[in-house]
Amino acid sequence: MDAQLWPIIGRTILISGVATVLAVLAGAPLGYLMARSRFRGRTLLLALVNTGMGLPPVVVGLVVWLLLARSGPLGALDLIYTKQAMIAAQFVIGLPLVVGVTAAAVQALPRELPDLLLSLGAGPWRTMLLIAREARLGLLAALMAGFGAVISEVGAAMTVGGNLQGSTRVLATAIVTLTGRGEIAAALILGGLLLLIAFATNLVLTVVQQRSDR
């Protein structure tokens, strides 16, 4: 297990990191638009996003598996049981969290702020960037929520990744494997490593968040 540990740790960080970055890149603009736009069905859409924040990972894994399986509509891409499939599933898990937290953070700002910035000569993109700066604490919270959700999930990773040794095995799925074998001490060590990675990442982001608040 020792020789395999570093690749598993690296794979865990890579898959969860890429999925989180993609979720933030897609979710932050969506959250901004949902917070600032007014259209029919907006409340229903927000309710769906908030519901999605509690999506069971195993259900997400099942849906992604149905899409990527050989017989599925995206089967020709040959992505099932790959790291890309795991990133896709974790992206789906993280996206509603980023959208929901971002929307809440932007909505907490004064409603007249966009009009004020526009009246001062800021264009639409400049206005959005300035509002994002004002909502940076919430955006960092969205980043932390997304990363925390994807790095620790097991169901989707097992379903679409297959827990293949040397290929798609990550810390969370390795813990399940070791527990099934009765190797509880080794499973506890990996659990501690997983918690340590999550803590270290959130510590860095929290330091940035708190410094931004000064």
Side chain proximity check, Ile9 to Leu171, heavy atoms < 4.5 angstrom
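Yes, close enough: below the 4.5 Å cut-off.
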How many angstroms lie between atom [atom1] of [X] and atom [atom2] of [Y], to the nearest 0.5 angstrom?
| X | Y | atom1 | atom2 | answer |
| --- | --- | --- | --- | --- |
| Asn163 | Thr177 | CG | OG1 | 3.5 Å |
| Leu46 | Gln107 | CG | CD | 6.5 Å |
| Leu22 | Leu95 | CG | CG | 10.0 Å |
| Thr102 | Leu30 | OG1 | CG | 9.0 Å |
| Thr12 | Leu194 | OG1 | CG | 7.0 Å |
| Leu66 | Leu74 | CG | CG | 11.0 Å |

Identify which one of Ile15, Leu190, Ile13 satisfies the side-chain contact (heavy atoms from CB on, under 4.5 Å) criterion when paired with Val170.
Ile15
side-chain contact (heavy atoms from CB on, under 4.5 Å), paired with Thr168, selected from Gln84, Met158, Met86:
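When side-chain contact (heavy atoms from CB on, under 4.5 Å) is applied between Thr168 and each of Gln84, Met158, Met86, only Met86 qualifies.
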Locate the shortest heavy-atom distance separating [X] from [Y]; write the atom from each residue and the value.
| X | Y | result |
| --- | --- | --- |
| Pro57 | Ala156 | O-CB, 3.3 Å |
| Ile131 | Leu113 | CG1-CD2, 4.2 Å |
| Ala149 | Leu97 | CB-CD1, 3.3 Å |
| Val154 | Ala172 | CG2-CB, 3.6 Å |

Partners meeting side chain to side chain contact (heavy atoms under 4.5 Å, CB included) with Ser167 (sequence neighbours left out):
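Side chain to side chain contact (heavy atoms under 4.5 Å, CB included) list for Ser167, sorted by chain: Leu164.
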Quick one: side chain to side chain contact (heavy atoms under 4.5 Å, CB included) partners of Thr201, sequence neighbours excluded?
Phe147, Ile197, Leu205
Strictly distance-based, threshold 3.5 Å: is any side-chain N or O of [X] a donor or acceptor partner for the main-chain N or O of [Y]?
| X | Y | value |
| --- | --- | --- |
| Gln90 | Val150 | yes |
| Arg11 | Arg169 | yes |
| Thr20 | Ser16 | yes |

Transitive ILVMFWY side-chain link [X] to [Y], under 4.5 Å:
| X | Y | result |
| --- | --- | --- |
| Val101 | Leu55 | no |
| Trp6 | Ile151 | yes |
| Leu117 | Trp125 | yes |
| Ile80 | Leu77 | yes |
| Leu130 | Val106 | yes |

Please evaluate residues Leu68 and Thr82 with respect to the criterion side chain to side chain contact (heavy atoms under 4.5 Å, CB included), reporting the C-alpha separation (whole Å), side-chain torsions for both, the decisive distance (0.1 Å), and the verdict.
CA-CA 10 Å; Leu68 298 181; Thr82 65; over 6 Å; no
Intermediate values then yes/no, side chain to side chain contact (heavy atoms under 4.5 Å, CB included), Leu188 and Ile184
CA-CA 6 Å; Leu188 285 172; Ile184 305 303; 4.2 Å; yes
Sequence neighbours excluded, every pair satisfying side-chain hydrogen bond (donor to acceptor under 3.5 Å, both in side chains) that has a member inside [range]:
| range | result |
| --- | --- |
| residues 24-44 | none |
| residues 47-56 | none |
| residues 64-80 | Trp65-Tyr81, Arg70-Asp78 |

Summary of salt bridge (charged side-chain N to carboxylate O under 4.0 Å, His left out) pairs that have at least one residue in residues 13-27, sequence neighbours excluded
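Pairs touching residues 13-27 that pass the test: none.
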